[in-house]
Amino acid sequence: MRGPVDISPSTPHDEPANSADGSAFVVLRERGVRNLLTANFLLYTAVSLQAAALMKEVYDISGRKADLGWIGLAEFAPAALLVLVTGPLADRMDRRRMALMAIGIELTATVCLIAYSLTDPTDVRPFFAIALLYGVGRAFAAPATRTMPPMVAPEGQLPKVIALYSGTWTAATILGPAASGLLYAIDPSVAYSTTAVCIVVAMAMLARVRFLRQPDPPHPDDKPTFRSAVEGLRFIRRTPILLAAISLDLFAVLFGGAVALLPDIAEERLQVGDVAYGFLRAAPGVGAALMALWLATRPITRHVGRTLLLAVLVFGIGTVVLGLTTSYVVAYGALVVLAAADMVSVFIRGSLVPLVTPDEKRGRVMAVENVFIGASNELGAFESGMVAQVAGTPATVVGGGIATIVVVGSFWRLFPALRKVDRFDDLGH
């Protein structure tokens, strides 16, 4: 649900605004940019394809909504438990090598999925172990790959690389889930095998990436300590705008984890098959892509705080509609709308958070944000799956949407500093 757009303002190589003039595609002349974008497109496609197929197979075997939640928790746990290791490690070793090793772990997990799926499984517990292994790979891959665009961008062209980098994620979130339904209908192992092929080709492309610049080496006296690692969390707690922006998105992810329940929604509420499920799973990508195109032509420049709150409100309303409907068309539309609203939230937060954060604290703050926002998609899946097992899917989805709406109302009153943010320029240091 949450894409890689957050990386753009967090790098120490920010370029002047006029460097973004002209078409973004001119940076494709640089081989390193082409290879990195291709690798990430294949990786994001693989991630979204495998996630959709895995959720579907687990639900088809057990029929338990709680098992969808356990898959989410298995993928979330490594990112949370390893946060004090993965970030500092990405700052201290070759990021390409770290990324390739981490993606190799992901590939191992995918091969395990292929092998287990071919046994005509009836027990879902091995899937949890495989998801945990995959989560370990993702925990190490994320900080290594998300810091690469500034290292391949030609001088003065970083904004254009970032625009294309975000576009590859959006396209992958459409293609991966849509293909998952078609491939899963043939056989789950076919879906996982396609994932493996994407990962292998992505690794080959990533190995060919050549960096134009390297990150500054850590100071010899800058030893990794627990106090240093948690400084990002302390800074967020002391800064009302940061605390509000990150907490608002966190609650929306936790309460609005309806996407994790799509296998049950498709089968029980909408009564559609595997192919229709795949297209339904791709609907959020469509909504995100359409909004990304809109923001590219008409970026948000005024009433930033209020727009963020209203976007999360629309996200909550879309979630309520999804929980109430039994129409496939209405459900598809609701997913498109809520994902479009979420893209607005991601865009604003991705610009607001780094602008409020001093440069010397950006890395640690972004690491904390990545756990609480990026990995919390899986935590939201866990919460939704557990509640749905007890209360049922409609009540869980509707209740999550209503809770999101209540959170927006509360934040409107509790965090006037966020509500009153007008322009991004007003936040710069």
Side-chain angles (χ1 to χ4, degrees), residues 1-2 55 59 64-66 68-70 72-73 76 243-270 280-281 283-284 287-288 291 305-349 372-416 418-419:
M1 181 178 177
R2 295 302 193 263
M55 289 290 195
Y59 185 74
R64 286 172 46 86
K65 306 173 187 70
L68 301 176
W70 287 117
L73 181 63
F76 165 80
L243 180 62
I246 293 177
S247 300
L248 178 65
D249 218 38
L250 171 63
F251 283 119
V253 170
L254 289 176
F255 294 140
V259 172
L261 298 174
L262 283 182
D264 182 67
I265 292 173
E267 183 173 320
E268 301 296 333
R269 298 283 294 174
L270 307 179
L280 191 68
R281 186 80 187 224
M291 181 54 66
R306 294 190 177 193
T307 302
L308 174 61
L309 289 161
L310 290 174
V312 180
L313 175 65
V314 172
F315 178 84
I317 294 172
T319 303
V320 171
V321 173
L322 178 64
L324 292 174
T325 188
T326 57
S327 165
Y328 183 85
V329 174
V330 174
Y332 195 96
L335 285 167
V336 170
V337 169
L338 69 86
D342 181 61
M343 176 58 75
V344 174
S345 170
V346 170
F347 171 81
I348 293 176
R349 179 175 46 79
F372 282 93
I373 303 302
S376 63
N377 288 294
E378 287 78 24
L379 188 59
F382 173 69
E383 179 270 337
S384 296
M386 294 298 105
V387 175
Q389 186 64 38
V390 177
T393 296
T396 301
V397 177
V398 172
I402 293 174
T404 301
I405 294 170
V406 171
V407 167
V408 172
S410 301
F411 275 52
W412 186 280
R413 295 179 61 86
L414 294 174
F415 294 96
L418 177 64
R419 186 180 73 242

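Values below: every heavy atom of this structure, side chains too, minus hydrogens, waters and symmetry copies.
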Whether Arg269 side chain and Leu324 backbone form a donor-acceptor pair below 3.5 Å: yes
For the student: nearest non-hydrogen atoms of Ala334 and Val321, plus distance: CB-CG1, 4.0 Å
Over all atoms of both residues, closest heavy-atom pair of Glu268 and Tyr59: CG-OH, 3.7 Å
Min side-chain heavy-atom separation Ile265-Val397 under 4.5 Å: yes
Side chain Thr319, main chain Gly401, donor-acceptor under 3.5 Å: no
Shortest non-hydrogen contact from Ala266 toward Leu280: CB-CD2, 4.4 Å
Ser247 to Leu243 - nearest heavy-atom pair and separation: OG-O, 2.6 Å
Within 6.0 Å of CZ in Arg419, more than 12 heavy atoms from elsewhere: yes
Any Val314 side-chain heavy atom under 4.5 Å of Val344 side chain: no
Where Ala244 and Leu418 come nearest, the two heavy atoms and their spacing: CB-CD2, 3.6 Å
Flag side-chain contact, heavy atom, 4.5 Å: Ile405 against Leu313: yes
Euclidean distance, Thr393 OG1 relative to Leu261 CG, rounded to 0.5 Å: 5.0 Å
Minimum heavy-atom distance Leu248-Phe411, with the two atoms named: N-CE2, 3.4 Å
Atom pair CG (Leu68) and CE (Met386), whose distance is rounded to the nearest 0.5 Å: 8.5 Å
Verdict with reasoning, Leu335 to Leu262, per side chain to side chain contact (heavy atoms under 4.5 Å, CB included): CA-CA 10 Å; Leu335 285 167; Leu262 283 182; 4.1 Å; yes
pair Val336-Tyr332: side-chain heavy atoms closer than 4.5 Å: yes
